[in-house]
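Written out below as structure tokens is the structure these notes cover.
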Amino acid sequence: MRRSIVPSDDDRYSSATTATGRSRTRRWSAVELIITEKDNAARRIADILSGGTYDSSRENGVNVYEWGGKRCVGLSGHVVGVDFPPEYSDWRDVEPVELIDASVEKTPTKENIVATLRLLARRAERVTIATDYDREGELIGKEAYDIVRNVDEDVPIRRVRFSSITENEVQQAFDEPDDLDFDLAAAGEARQIIDLIWGAALTRFLSLSAGQLGEDFISVGRVQSPTLKLIVDREREIEAFDPEDYWELFADLQKDETSFEAQYFYRDEDDNEAERVWEEAVADEVYETFSERDAVTVVDVNRRTRTDTPPTPFNTTQFIRAASSLGYSAKRAMSIAEDLYTAGYITYPRTDNTVYPDDLDPEELLDDFVGHTTLGESAESLLEADEITPTEGDEETTDHPPIHPTGEIPARGDISDDEWEIFELVVRRFFATVAEAAVWEHLKVVAEVDDYRLKANGKRLVEPGYHDVYPYFSTSENYVPDVDEGEELALSDVELEAKETQPPRRYGQSRLIETMEELGIGTKSTRHDILEKLYDRGYVESDPPRPTRLAMAVVEAAEDYADRVVSEEMTAQLEADMDAIASGEATLDDVTDESREMLEEIFANLAESRDEIGDQLRKSLKDDKRLGPCPECGEDLLVRRSRHGSYFVGCDGYPDCEFTLPLPSTGKPLIMEETCDEHDLHHVKMLAGRQTFVHGCPLCKAEDAGEGPIIGDCPECGEGSATTESSRDEGGETAEEGGELAIKTLQSGSRLVGCTRYPDCEYSLPLPRRGEIEVTDEYCDEHDLPELVVHSGDEPWELGCPICNYQEFQARESESGSDLESLDGIGAKTVEKLADAGIEDLEDLTAADPDAVAEDVDGVSADRVRSWQAKA
DNA sequence: GCAAGGTC
């Protein structure tokens, strides 16, 4: 039976559209099969080679593009992955050291794509591999090659290479096809094997030694561990930092009506200009000298112009850096860039290249923006230049062009504000790279009293150049007036500032990514993912990332026993080895065998220290949960998790000390650096996506909770209540009676009227979350409680007696039902779960971030939340 | 349950 590639009827995504709108005529003769790295590339190549006349259909959910005897299909990066055979999969049954000599297998990871590829390969007369033009692309191409060979031993397979998907490059590549570079692919394969063996063996060893086998395993890897060491080393510097006192002197100088700031400086022993004075006595002497005078003499005026060259084209790292100065995390910036790329507005966002290809015609691209409401003016001004020469960076690669706009411009309403902001950044960066340089004028004035000198540095932007089209860099000026040598200037406001040297700053996310690039670890596509991994593994917290005690212990253990895996040199060596394989000087086996031997040696040393390492890791895991001293016994309080999974604060002295404190039910607790002055306990932040909030010191919170005005007796257990009457009859203990109602604020921030005998008496009435609550003198006749007034917004809201208010509320509810339950497709169970996550009504629901909700609430997907929001 | 590298 002939197998058809016509999509099956039950594939709801199936489509068979014609780019030209013509009806489709399928040719069943054998065809040429073109394989690309991704669907996007497949479509664009089909478009170029077919002149826009391709048909598209879907097979197993994979797009297939077809035209005159050719089919083109995109992979999704690697469609097979390396792993150990299944008998190695139980961590407890296999000694980690055994993984070193275990075989490594390749298995399909994207079954549908592999199946489609096999199907198409059977029908192919010739196969052309058109994956990305870099090492990993060669390996992905080799993987496709193996799949094709598996179904057809003889079909000719060739390779084409191009560094940007433009008409010229693609046509040229197909005119001069080449063969697959098996050595280059083998180089990539060696990396896969070495990364898997080192990563898996060491990860399992550390996890087993610390008894961390669940989802909280302790990971190590060639890229993540040196990155973590960067963060840990910086933290060590910060912890070891010893601040030093110094002084700086500032004064105001005046020329006519204009005053400007000047700073004291001197020449240090190396004859460099220095501003910091390290001895207090010297600082005082300088201060006295200046404060006794009311004028200084100008002794030097230095004016020079400086050219400020426009920035180079965006590669991934520089793009992330620019986006981070707009407040985007690396992850978010990349995610938006990927969306803009998929939608066709910008070029591929994962690139090392900083040199535009010859194919890019800047004027043509600028033309696309002419007439645009917000971007047009800049483009038009740039087109006025006589000649346009784009800037170039140092790195020129074959993979992809630098990130630039495609010329396709989204309508403002088609994309979100964030997407637009990032799109505009990419557009303006392109503008900047073809713009003129800016020119600054610097004016330095030096004035003197006795032997002491003041300087003022002025700067003025004379030619704004590229800053006109790229407003992301500061162009702030500092005005210093024109003065002449020998001129006297009035002196006032002399101030001596006592300061302290500061510890080095933590790496920010974009600085880390830049440093990784400099050290050659990770790739353009993975560096930001590696940072995410460090967060996921519990190695870093907050932003900028701060290492946990666990991270410090892992780095320490690695430094002691497996130094290679925390050093960037492992990558440097691997790169050299891969080059050797690619050039035929070494084989895959040479390199992987040597690597295995090195790891064997490491394990020989590790074995004896397994318990010691485990103890150290366990201790640091506990330190990461430490809040500070227990007020009852002096041991430490720890963040713990109950059997039901909820978090609370318990004492390390348990069971001797049973002291506990509650934590809010929403989110995952994060122990902050900040501590409480009163209790010496670390503050706690509850991480819950968009609903993340700072809980503060849990002891303060516990003490505050329940404090609030008493408004009357509890109707359930207070004076005159039915319970009190009956327990009196039975001679019950009076100590458990006489509850009163108080206005309480809970840790979650919500408020209620509750019984002072909580938790023995659970009587409570709801109160609004916002606004100040006033207790008036007017009393409700029926319930003997004061009327309440809520002050929020312009109009105070008379809530009245809280019991009457609640009864009215209940009456309304029973009429209409909960407003969440009014939505189609939402059940009572879900309403309950949503409420636990802090979403109590429609208003909360529409304001919530669907992804955060999906993360917090079991069984609810982000798409489902979006559908509710649409209905609401 | 492990890595890092593609891609979505």
Side-chain angles (χ1 to χ4, degrees), chain A residues 36-42 61-63 74-84 86 88-100 102 104 106 109-110 112-113 131-144 185 187-208 211-228 316 334-343 348-351 399-400 516 521-534 536-537 562 565 570-571 574-575 578 595 599:
Chain A
T36 68
E37 191 155 323
K38 41 192 170 279
D39 173 59
N40 224 307
V62 182
N63 290 328
L75 308 175
S76 182
H78 290 286
V79 293
V80 296
V82 289
D83 209 346
F84 302 109
Y88 289 89
S89 57
D90 192 321
W91 292 30
R92 279 157 303 194
D93 280 358
V94 180
E95 280 297 326
V97 69
E98 291 176 47
L99 295 176
I100 301 175
V104 173
K106 279 205 170 187
T109 48
K110 306 263 166 57
N112 61 326
I113 298 177
T131 47
D132 290 355
Y133 187 5
D134 55 19
R135 187 175 54 220
E136 214 62 24
E138 209 67 22
L139 176 53
I140 291 166
K142 163 72 162 34
E143 289 161 2
E189 234 173 336
R191 179 201 57 71
Q192 288 185 314
I193 294 167
I194 290 169
D195 280 342
L196 174 66
I197 295 178
W198 281 68
L202 289 169
T203 294
R204 287 197 194 180
F205 180 88
L206 291 187
S207 302
L208 283 163
Q212 293 288 110
L213 287 186
E215 53 191 48
D216 295 325
F217 60 86
I218 298 173
S219 69
V220 179
R222 173 179 59 84
V223 178
Q224 61 168 283
S225 297
T227 306
L228 188 57
T316 302
M334 283 310 288
S335 148
I336 293 175
E338 278 152 20
D339 289 345
L340 292 172
Y341 155 70
T342 314
Y348 193 63
R350 296 187 271 261
T351 176
D399 57 354
H400 298 278
M516 290 169 78
I521 54 180
T523 72
K524 64 218 180 211
S525 319
T526 59
R527 290 184 194 114
H528 64 279
D529 288 334
I530 296 282
L531 287 195
E532 281 305 305
K533 184 174 277 187
L534 297 182
D536 290 346
R537 295 281 189 270
V565 85
M570 179 160 174
T571 296
L574 183 59
E575 288 288 344
M578 284 194 287
S595 184
L599 191 55

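Below, read A as the first sequence line, B as the second, and so on, with proteins coming before strands; counting in each chain starts at 1.
Between the side chain of A/S207 and the main chain of A/S219, no donor-acceptor pair closer than 3.5 Å is present. A donor-acceptor distance shorter than 3.5 angstrom exists from the side chain of A/T203 to the backbone of A/V220, with no hydrogens or angles considered. One N or O on the side chain of A/R527 and one on the backbone of A/I521 form a donor-acceptor pair closer than 3.5 Å.
In this structure, A/G522 reaches the sugar-phosphate backbone alone: every heavy-atom distance under 4.0 Å involves primed, P, OP1 or OP2 atoms, never a base. Residue contacts shown for A/L202 are absent, as no nucleic acid heavy atom lies under 4.0 Å away. A/E136 comes within 4.0 angstrom of the backbone, heavy atoms only, and of no base. A/S89 comes within contact range of at least one nucleobase, with a heavy-atom separation under 4.0 Å. If you check every strand for non-hydrogen atoms under 4.0 Å, A/Q224 touches sugar and phosphate atoms only. Within 4.0 Å of A/V79, counting heavy atoms only, lies no atom of the nucleic acid at all. Here A/R537 lies in heavy-atom contact (under 4.0 Å) with sugar-phosphate atoms only. Within 4.0 Å of A/D83, counting heavy atoms only, lies at least one base atom of the nucleic acid. Nucleic acid contact for A/R204: base, since at least one base atom lies under 4.0 Å from a heavy atom of the residue.
Taking the side chain of A/Y348 as heavy atoms from C-beta on, and the options B/dG5, B/dT7, B/dG1, the nearest nucleotide is B/dT7. Distance from the side chain of A/D90 is smallest to B/dG1 among B/dG1, B/dG5, B/dC8. Taking every side-chain heavy atom of A/S76 into account, B/dC8 is the closest of B/dC8, B/dA4, B/dG6. Here the side chain of A/R191 is nearest to one of B/dT7, B/dC2, B/dG5, namely B/dG5. With B/dA3, B/dA4, B/dT7 as the choices, the nucleotide that has an atom nearest any side-chain atom of A/R222 turns out to be B/dA4. Candidate nucleotides B/dC8, B/dA3, B/dG6 were compared by shortest atom distance to the side chain of A/T526, and B/dG6 ranks first.
Between B/dG5 and A/K524, no contact under 4.0 Å exists linking OP1 or OP2 to a side-chain N or O. Residue A/S219 has no polar side-chain atom (N or O) positioned under 4.0 Å from OP1 or OP2 of B/dC2. Taking 4.0 angstrom as the limit, A/S525 places a side-chain polar atom (N or O) nearer than this to OP1 or OP2 of B/dG6. Side-chain nitrogen and oxygen atoms of A/T523 include at least one within less than 4.0 Å of the OP1 or OP2 phosphate oxygen of B/dG6. Under 4.0 angstrom from either OP1 or OP2 of B/dT7 there lies at least one side-chain N or O belonging to A/R350.
Between A/M570 atom CE and B/dA3 atom C1' there is a gap of 10 Å when expressed in whole angstrom units. Atom CD of A/E143 and atom C1' of B/dA4 are 13 Å apart (whole Å). What separates CD of A/E95 from C1' of B/dC2 is a distance of 15 Å, to the nearest Å. Rounding to whole angstrom units, NE2 of residue A/H528 and P of B/dT7 are separated by 10 Å. Atom CG in A/D93 sits roughly 14 Å away from atom C1' in B/dG1 (whole-Å rounding). In this structure, the CE atom of A/M334 is 11 Å from the P atom of B/dG6, given to the nearest Å. Rounding to whole angstrom units, CG of residue A/D39 and P of B/dC8 are separated by 7 Å. B/dA4 atom C1' lies 12 Å from atom CD of A/E575, rounded to whole Å.
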Q: Quick one: do A/E136 and A/K524 satisfy salt bridge (charged side-chain N to carboxylate O under 4.0 Å, His left out)? Show the steps, please.
A: CA-CA 12 Å; A/E136 214 62 24; A/K524 64 218 180 211; over 6 Å; no

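For A/Y341, the side chain to side chain donor-acceptor pair (under 3.5 Å) test picks out no residue, with sequence neighbours left out. By the side chain to side chain donor-acceptor pair (under 3.5 Å) test, A/S76 pairs with no residue at all, sequence neighbours left out.
Side-chain contact check for A/V223 versus A/T523: every heavy-atom pair is 4.5 Å or farther apart.
Between A/K110 and A/V82, the residue anchored nearer the 5' end of DNA chain B, judged by the nucleotide with its closest heavy atom, is A/V82.
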